[in-house]
Amino acid sequence: MSGLAIVGAQWGDEGKGKIVDYLAAEASVVVRYAGGNNAGHTVVVDDKTVRLHLVPSGILYPNVTCVIGNGVVLDPEVLADELDRLAGQGVDTSRLRISDRAHLLMPYHRDLDRLEEEARGEHRLGTTGRGVGPAYVDKAARDGIRTADLADPEGLRRRLEAVVPRKSALLQKLYGHPGYTVDEMYDYCMRHAERLLPLLVDAGRLVQEALAEGRKVLFEGAQGIMLDVDHGTYPYVTASWPTAGGIAPGVGVGPGCVGNVAGVVKAYTTRVGFGPFPTELTDEVGDLIRERGVEYGTTTGRPRRCGWLDLVQLRYAVRVSGIRQIVLTKLDVLSGLDPVRIAVGYEIDGRRVDTFPASLAELSRARPIYEDYPGWTEDLSGVTEPDELPAAARAYIRRIEELAGVPVVRVSVGPGRAQTLATGPLLW
Ligand code: GDP
Ligand code: IMO
Ligand code: MG
């Protein structure tokens with residue numbers, strides 16, 4: 001048995017939360033492997049809308065174990081708020097487990113994120129300001145505090161003594177921030193330990209055992225491939241590995257545990273934060289897509305930049321993340337647009353380019369080469385069978401499959417769990 005990875009194939013917010021919730025009906029375990037509460041995953045079931053930042057999107061099912069893997073950086077304060085909010089919405093969170101190797105996102109990471117962004121001035125990245133980047137920096141710098149440290153108060157204090165004075169000096173000397181004492185951070189950690197400790201597990205082992213018993217596992221991606229620290233539009237990226245390649249190190253399983261990678265693709269493109277975006281629409285069509293698609297960030301409320309679907313970008317995502325099948329979302333939003341356009345290549349300095357360039361300077365000069373297709377006017381939100389889709393919408397899906405080289409196996413036509421059409425067999 002192997003697991004199914006659900007990854008964002010663009011710049012995030014493709015609808016991963018909705019799709020993971022829809023698929024989790026069949027799952028035994030849903031595990032997050034990367035990112036932190038920079039993620040915002042929205043799940044809509046009947047009249048209930050649930051916004052998740054750290055808790056995996058399988059949490060609405062009473063029999064699904066939800067796991068926060070070691071690859072996630074965990075802000076304990078945000079998690080506590082999220083669990084309280086979910087309880088307030090009547091969601092049972094007792095099946096949440098957390099890797100004992102996950103790194104804690106500390107208060108100074110939040111400060112550093114904000115202060116470093118300010119200091120970047122015109123070069124700022126447009127981070128979510130949640131401290132996620134600095135938490136990954138500390139992990140790689142061997143200055144992280146891990147969840148397992150909470151079980152050993154003496155050891156935790158020694159770790160904090162090794163780290164906090166240097167973090168404080170940085171905050172004070174570079175940014176004029178008062179900094180933190182070791183005692184303050186020790187008390188902070190111990191305050192959250194009570195709630196976290198009972199949830200800690202060896203997450204890799206839990207997942208591997210589930211697979212060995214023939215139970216279904218979903219690996220829930222956060223962000224999107226174009227935000228990957230290696231393969232995205234660096235430096236306008238996040239600090240982790242949203243690609244399926246991030247699963248093995250982010251969960252503690254071998255790469256063979258990932259049997260299929262499904263890429264979630266929005267029927268158009270959006271991006272929050274700065275950085276090049278070749279098919280961006282700054283005209284009224286972009287505004288229309290934003291309003292109809294309610295393209296405002298789940299985490300920060302920022303308006304998302306909107307544009308046409310970009311197959312140069314998508315083919316690249318398919319390759320670097322090993323995407324074998326596509327789940328197409330938000331097709332309903334395109335109703336009424338005529339024509340609908342897909343970028344099939346770029347023109348850069350008079351040359352035609354079909355592969356996604358590494359150079360941001362080149363990318364920012366890229367002029368999309370579009371193919372135009374007839375639009376459709378029908379409201380798709382009530383469609384329940386693929387053959388009820390208008391012919392023009394079906395042709396649009398077929399063209400995406402041809403250009404991407406992988407099949408579209410699910411199509412989403414609304415935020416609700418039931419608004420999902422099966423257009424082909426999903427490999428799981
Ligand atoms: P994620 O970060 O990939 O989980 O995506 P977000 O939840 O941040 O953003 C996707 C938004 O689109 C959410 O508000 C979803 O409820 C909504 N959504 C998901 N699928 C569809 C769809 O097919 N149609 C429409 N209209 N909305 C959708
Ligand atoms: P989900 O999981 C969209 C973007 C930020 C910024 C860049 C770096 O909901 O798809 P960071 O705070 O990570 O250092 O910010 O990455 N970003 C996202 N954009 N969806 C997300 O997550 C994102 N997580 C980070 O806007 O451009
Ligand atoms: Mg989101």
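Whatever order the structure lists them in is the order used to number ligands and atoms, beginning at 1.
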In this structure, does ligand 1 have an atom that sits under 4.0 Å from one of the heavy atoms of V413? yes
Residue and atom name of the nearest protein heavy atom (relative to atom 7 (C) of ligand 2), distance in Å to one decimal: V237 O, 3.9 Å
Check D111 with K167, please: is the shortest side-chain N to carboxylate O separation under 4.0 Å? no
Any nitrogen or oxygen of R130, side chain or backbone, less than 3.5 Å from one on ligand 2? no
Compute the minimum heavy-atom distance from G40 to ligand 2 and say whether it is under 4.0 Å. yes
Near the Mg ion (ligand 3) (protein N/O/S, cut-off 2.8 Å, waters excluded) we have D13 OD1, G40 O
Per-atom contacts of ligand 2 with G273, taking only distances under 4.0 Å to non-hydrogen atoms: 27 (O)
Work out whether the distance between some heavy atom of G8 and some atom of ligand 1 is less than 4.0 Å. no
Protein residue, atom and distance nearest to atom 5 (C) of ligand 2, heavy-atom basis: G126 O, 3.6 Å
Restricting to non-hydrogen atoms, name the atom on R410 and the atom on T423 that form the minimum distance, rounded to 0.1 Å. N-OG1, 3.4 Å
Looking only at distances, please establish whether an N/O atom of ligand 2 is found under 3.5 Å from an N/O atom of V272. yes
Are K16 and ligand 2 in contact, using a heavy-atom cut-off of under 4.0 Å? yes
Give the atoms of ligand 2, by number and element, whose distance to some non-hydrogen atom of A39 is under 4.0 Å. 1 (P), 2 (O), 9 (O), 22 (O)
T127: which of N38, T300, D113 passes side chain to side chain donor-acceptor pair (under 3.5 Å): D113
May I ask you to identify the nearest protein heavy atom to atom 15 (O) of ligand 2, giving residue, atom name and distance to one decimal place in Å? T127 CA, 3.3 Å
Over 60° means perpendicular and under 30° means parallel, so tell me whether W308 and Y370 are parallel, tilted or perpendicular. perpendicular
For atom 13 (O) of ligand 2, grab the closest protein heavy atom and report residue, atom and distance to one decimal in Å. T238 OG1, 2.6 Å
When distances are taken from atom 20 (N) of ligand 2, the protein heavy atom at minimum range is D13 OD1, 3.2 Å
Counting only heavy atoms, tell me which of V264, L380, D332 gets closest to atom 24 (N) of ligand 1. D332
Quick one: look up the protein heavy atom nearest atom 1 (P) of ligand 2 and list residue, atom name and how far away it is. Q223 N, 3.6 Å
Which of the ligand 2 atoms, numbered from 1, are nearer than 4.0 Å to a heavy atom of R302: 5 (C), 26 (O)
Using a plain distance cutoff, I'd like to know if T329 has any nitrogen or oxygen under 3.5 Å from a nitrogen or oxygen of ligand 1. no
D13 versus R304: any side-chain heavy-atom pair under 4.5 Å? yes
Starting from atom 16 (O) of ligand 2, find the nearest protein heavy-atom neighbour and note its residue, name and distance. L227 CD2, 3.6 Å
Pick, from H41, R304, R410, K330, the option with the minimum heavy-atom distance to atom 9 (O) of ligand 1. R304
Please determine if K18 has a nitrogen or oxygen closer than 3.5 Å to a nitrogen or oxygen of ligand 1. no
Considering distance alone, does some N or O of G414 sit under 3.5 Å from an N or O of ligand 1? yes
Taking only heavy atoms of A222, which atoms of ligand 2 are found under 4.0 Å from at least one of them? 2 (O)
Check R166 with D143, please: is the shortest side-chain N to carboxylate O separation under 4.0 Å? yes
Evaluate F274 for polar contact with ligand 2, using N/O atom pairs at a separation under 3.5 Å. no
of all protein heavy atoms, closest to atom 12 (O) of ligand 2 is T128 OG1, 2.6 Å
Which residue holds the protein heavy atom closest to atom 2 (O) of ligand 1, what is that atom called, and what is the gap in Å? G40 O, 2.9 Å
Geometric N/O contact G15 with ligand 1, under 3.5 angstrom: yes
Of the side chain and backbone of E220, name the one, both, or neither that has a heavy atom under 4.0 Å from an atom of ligand 1. neither
Per-atom contacts of ligand 2 with W11, taking only distances under 4.0 Å to non-hydrogen atoms: 3 (C), 19 (N)
At the 4.0 Å heavy-atom cut-off, does G12 count as touching ligand 1? no
Hey, does V333 come in under 3.5 Å of ligand 1, counting only N/O atoms on both sides? no
